[in-house]
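The chain is numbered in sequence order, starting from 1. Bear in mind that the values here come from a model prediction, so they are computed numbers and not experimental data.
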Amino acid sequence: MSEIRATVRLQFHPGFTLDDAAEWVGYYARLGISHVYASPLQMSRAGSPHGYDGIDPTRIDPELGGEAALERLVARLREHDMGLILDIVPNHLAVGGSQNPWWQDVLAWGQASPYAGFFDIDWHSPEPLLAGKLLLPFLGTPYADALHGGDLVLRLDLAALRFHVAYHEHRFPVDPRRYGDILRLAEHAALWDLAPRFDALQRRDDAYTAVAECRRELRQALADPAVGQALENLLALFDGSTRGGAIRLHDLLEQQAYRLAWWRTGADEINWRRFFDITELGGLRIERPEVFEAVHALPLRLVEQGWVDGLRVDHVDGLADPRGYCRRLRARLGECQKRRPPGAVRHVAIYVEKILAADETLHRDWGVDGTTGYELMNTVSALQHNPAGAEPLGVLWRQVSGRKEDFPTEVRLARREVLTTLLTSEFETCARALHAVARHSLATRDITLAAVRRALTALIVHFPIYRTYADDGGRPELDAPFFDQAMAGARGELSPPDAEVLAWLERWLGGEAPADAPDAEERWLRQRAITRFQQLTSPVAAKAVEDTAGYRSATLISRNDVGFDGEHFSHPPRWFHDANAWRARHFPHGLVTTATHDHKRGEDVRARLAALSEHAGAFATRAEGWRELAAPLRHRLPSGLAPSPGDELILYQMLLGAWPPKTERNDTDSMQRFAERLAQWQQKALREAKLRTHWLWPDEDYESACRSYLEALLASPELSRELEAAARELDLSGALNGLAQTALRLTVPGVPDLYQGCEFWDYSLVDPDNRRPVDHAAREATLVAATDPAAALAHWQDGHVKQGLIARLLALRHDCHALFRHGDYLPLAVEGEQGERLVAFLRRHGDRQLLVVVPRLCASLLAGSEQPLVPPSRWSDTRVNLPGETGTAWQNVLTGTTLGVRNEHVAAEELLDAFPVGIYLRNRYRHRES
């Protein structure tokens, strides 16, 4: 089986199962993919569209076909010398509902459950009503309303003989040790006599196993129809819509290991770790060996069987100890690798989903192969944005929206808001952990909880990265500059007394190693505080940067995406080269991608919007004109204009970026589908921004008015005509950017990852739009018909040229595997009139070299063209410097022609005469001319 050479990310769900994927393995093999990179396959909630809401990590999801279907897929992959990479989710499982057996067991038995330590629960909450209990904020109305409204219904599962309280899709188990509280109210001796049997469980150490005998006796009793009728009558006594029933049901619920609550209480009082602010996903304590083994038993077995060649670790920053986790996983994989079957790839890859800040690098002592590749998305995007467009677009944004174009300011505002709304309970948990450290020492016992809160808030507001990785040995040197940056920002807004508290926080949060603490208790307190802090800063960053500021600040919305450094509108080629050279040295086998299931805008939407940065002045003028024309379409609400000026400007950007070249405004059906997709995106964007509406308290009037505006905009003959014309002006430069982006992903250091469907143009929007079904049949037909990318330029609008480019470069990666796997990276100087519009580099290994030449910022050079190809003469005297490469021949991988290099300078018009990007291969010894 081949090593991981190129991957395709497939999203599995009941509508696209493992057997469905097996049908298209042959297509992906012909395209040049070596491994299918699967979304989570372990059992998730019924109907899950993505698999990140797992309920049972010990099984392959039956809705996807189960393990038998996985075996069939693996067999098909092996037939084509391909493999499988599995996405695993060690951070959380889906809770609520009734489908997670571990969670249901914890609800039933509380701390006596063997799974109580699996979830990150604070059983010692300072809230008296939560002492020894979990808060379950799953009620759609206040508790009293749900209780008295009869929405909470006591039932008995006759198959399992388990009492539970049903509420819509939820099942809240009754503690078996409290079944006697129910049965003693029965009007039948057989049930009444069983009450003491269940009561006795409260005094037994073996209650968890002894309950089986009690259930057996209950089953025997229920064999009598009269007993069954008595049970029905008994359950009716707990009808909350009656006064007596409500009292009985409430008393029973008060005896459980949980407290039912209205969903709005979750942000303030929840006492277990969630995934971000999603109450339906509960955090796991994967740092515990028994939890690690239980969660990883299935994927490790699949690795050992040779079915899986790599693991993608979801949200590694959510874990208590990412470094320790990754090193443990690497060790366990090492053990499995020894027992893998002959022919299986020996090294099993680990990729971590990790978002890195602009100056942050992945820690090199984790034992992983790299990240999932967000960094390349960012670097390519920054490379393709014109720095000259930043000022006019920034001025437009400021004047129209009334908000500053300063992205870091928006992030700090959003961080503060997230801390005081969505993640209040997590913040309080961290603050209390730090306060406990303060109280432990005489020197700091006078530090108040309020002072800790103020200092902690300032520190997190100014935190520049997702998290640090301090442990018992203190803060790693690699993290120090970022913590120092946060400290400097926090000090600037704190009073002198609070700044002194901040200094203590710096010591407790890894500035001093917990291992050096004077006693064991303080060491434990500091370790706990560090863990709580580092598991807090990560979701704060995600919610504040990606899901709030990214939708509030839109100098150009294409610079706001997952893993992007939105504070930088663009970066020069040198920055791009440095990032690639660093990856080549340290993580040459990490994934590199330009589209994912998490992206906010499709890769070719971003490419088109990058081209808009080259028309900044014209766009600013047009946008003001459109706003004037559209004035009658806006709605005046008590809360203000709908849409707000900022939301209106973002909508214009998205219209131009996502409007496909082949969609005409007079095509009613296509425009209706386009409008529907935009409306779905619009609602999510408005709620994520949290300015005029919100996920937790949506303003339906505002959202409806914004949708009405969108529909009216596209229905207006004059406005739709102008918008379409502006969109068409981005077609060529956007397509050129898209092809350049594709070429870079497939040639820079790393393993290229293709997101499903992106072989053609990707004009998708935020999920779920980017998870729409893929027309594999159309893609297969195109691939079979022709893979000549140069010929496909004539009809570039259909995206076949992109697929042809991908196929050619993946074939090259197959033929020159060592070059891409081990080759170094050498930036090349570009000179001449258009020198800033080209990026060039060499990949070198042994006797082979690959020259890559890619254009950027070429909108003006495309004027008058009919294809996304710069006319060769417009490159003027621009040339690429190939030091020491005289008298050699290079083969154009995309056209098959040969280029003779006579001196160290190669003209751009020769390199890019027939195709938008230039990819040239040379065998140093075989092709040397005499």
Side-chain angles (χ1 to χ4, degrees), residues 95-98 104 106-110 125 127-158 160-202 211 214-215 218 221-222 224-266 268-271 279:
V95 296
S98 62
Q104 289 287 297
V106 173
L107 298 188
W109 292 92
S125 171
E127 165 58 49
L129 291 179
L130 290 177
K133 294 177 179 283
L134 297 86
L135 181 74
L136 298 186
F138 295 122
L139 303 182
T141 59
Y143 172 73
D145 293 346
L147 177 67
H148 294 296
D151 297 328
L152 300 170
V153 181
L154 180 65
R155 290 178 179 162
L156 176 67
D157 181 342
L158 290 174
L161 289 180
R162 288 178 168 87
F163 286 101
H164 65 270
V165 174
Y167 177 78
H168 299 296
E169 76 275 17
H170 299 283
R171 279 190 178 188
F172 305 115
V174 174
D175 187 335
R177 293 165 295 189
R178 310 304 308 196
Y179 283 11
D181 297 346
I182 302 171
L183 297 174
R184 68 172 46 89
L185 300 178
E187 294 184 354
H188 195 291
L191 294 177
W192 190 87
D193 289 344
L194 283 173
R197 299 279 289 121
F198 283 98
D199 288 343
L201 295 175
Q202 299 176 38
V211 70
C214 297
R215 286 199 172 103
L218 177 57
L222 289 173
D224 183 346
V227 176
Q229 184 58 54
L231 177 66
E232 290 292 325
N233 298 337
L234 170 62
L235 294 177
L237 295 177
F238 291 83
D239 181 356
S241 63
T242 67
R243 184 174 183 276
I247 292 172
R248 294 184 194 96
L249 184 56
H250 173 68
D251 287 345
L252 179 65
L253 287 170
E254 288 291 277
Q255 300 303 315
Q256 306 311 307
Y258 51 81
R259 175 189 152 209
L260 299 184
W262 189 21
W263 66 270
R264 288 191 182 276
T265 66
D268 292 335
E269 293 191 341
I270 200 164
N271 62 336
T279 305

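- R177 and L201 make their closest contact through CG-CB, 3.7 Å (heavy atoms, listed as atom of the first residue, atom of the second, distance).
- In this structure, CG in L191 is found 11.0 Å from CG in L185, a value given to the nearest 0.5 Å.
- Proximity of a side-chain donor or acceptor of Q229 to a complementary backbone N or O of P225 within less than 3.5 Å is not detected.
- In the model, D251 has no side-chain atom that pairs as donor or acceptor with a side-chain atom of Q255 under 3.5 Å.
- The nearest pair of heavy atoms linking H170 to G97 is ND1-N, 2.7 Å.
- The side-chain heavy atoms of R171 and D157, taken from C-beta on, include a pair separated by under 4.5 Å.
- Remark: R248 CZ to L253 CG distance equals 14.0 Å, nearest 0.5 Å.
- The main-chain N or O of E254 is found under 3.5 Å from a side-chain atom of K133 such that the two form a donor-acceptor pair.
- Across every non-hydrogen atom of Q104 and P173, the tightest pair is OE1-CG, 3.3 Å.
- Contact annotation: the side chain of Q202 approaches that of R178 to within less than 4.5 Å [non-hydrogen atoms, C-beta and beyond].
- Residues E269 and P137 fail the side-chain proximity criterion, which asks for heavy atoms closer than 4.5 Å.
- Distance check: W263 CH2 to T279 OG1 gives 9.0 Å after rounding to the nearest 0.5 Å.
- Using a 4.5 Å heavy-atom cutoff, the side chains of V165 and F238 are not in contact.
- Contact annotation: the side chain of L237 never approaches that of N233 to less than 4.5 Å [non-hydrogen atoms, C-beta and beyond].
- Around CD of E187, the count of heavy atoms belonging to other residues, nucleotides or ligands within 6.0 Å does not exceed 12.
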Take F138 and H168 through the ring-ring contact (aromatic ring centres under 6.0 Å, His included) test and state the conclusion after the steps.
CA-CA 10 Å; F138 295 122; H168 299 296; over 10 Å; no
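- Formation of a donor-acceptor pair under 3.5 Å by the E169 side chain with backbone atoms of S98 is not found in this model.
- Taking the side chain as every heavy atom from C-beta outward, V95 and V106 never approach each other to under 4.5 Å.
- Closest approach of G110 and A257 over heavy atoms only: CA-CB, 3.5 Å.
- Counting heavy atoms from C-beta outward, R197 and Y179 have side chains that stay 4.5 Å or more apart.
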Given L156 and I182, is the side chain to side chain contact (heavy atoms under 4.5 Å, CB included) satisfied, shown in steps?
CA-CA 11 Å; L156 176 67; I182 302 171; over 6 Å; no
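- Heavy-atom minimum distance, A221 versus L194: CB-CD1, 4.3 Å.
- Using a 4.5 Å heavy-atom cutoff, the side chains of V211 and W109 are in contact.
- We find the CG-CG distance between D151 and L139 to be 8.5 Å, quoted to the nearest 0.5 Å.
- The two residues Y167 and T141 come nearest to each other via the heavy atoms OH-N, 4.1 Å.
- Rounding to the nearest 0.5 angstrom, the gap separating the OG1 atom in T265 from the OH atom in Y143 is 13.0 Å.
- Among residues two or more places apart in sequence or in another chain, the side-chain contact (heavy atoms from CB on, under 4.5 Å) test is passed with A131 by none.
- Looking at E127 and R259, no side-chain N of the basic residue comes within less than 4.0 Å of a carboxylate O on the acidic one, giving no salt bridge.
- Under the side-chain contact (heavy atoms from CB on, under 4.5 Å) criterion, W192 pairs with R184, not counting sequence neighbours.
- Going from atom CG of D224 over to atom CG of L231 covers 12.0 Å, rounded to the nearest 0.5 Å.
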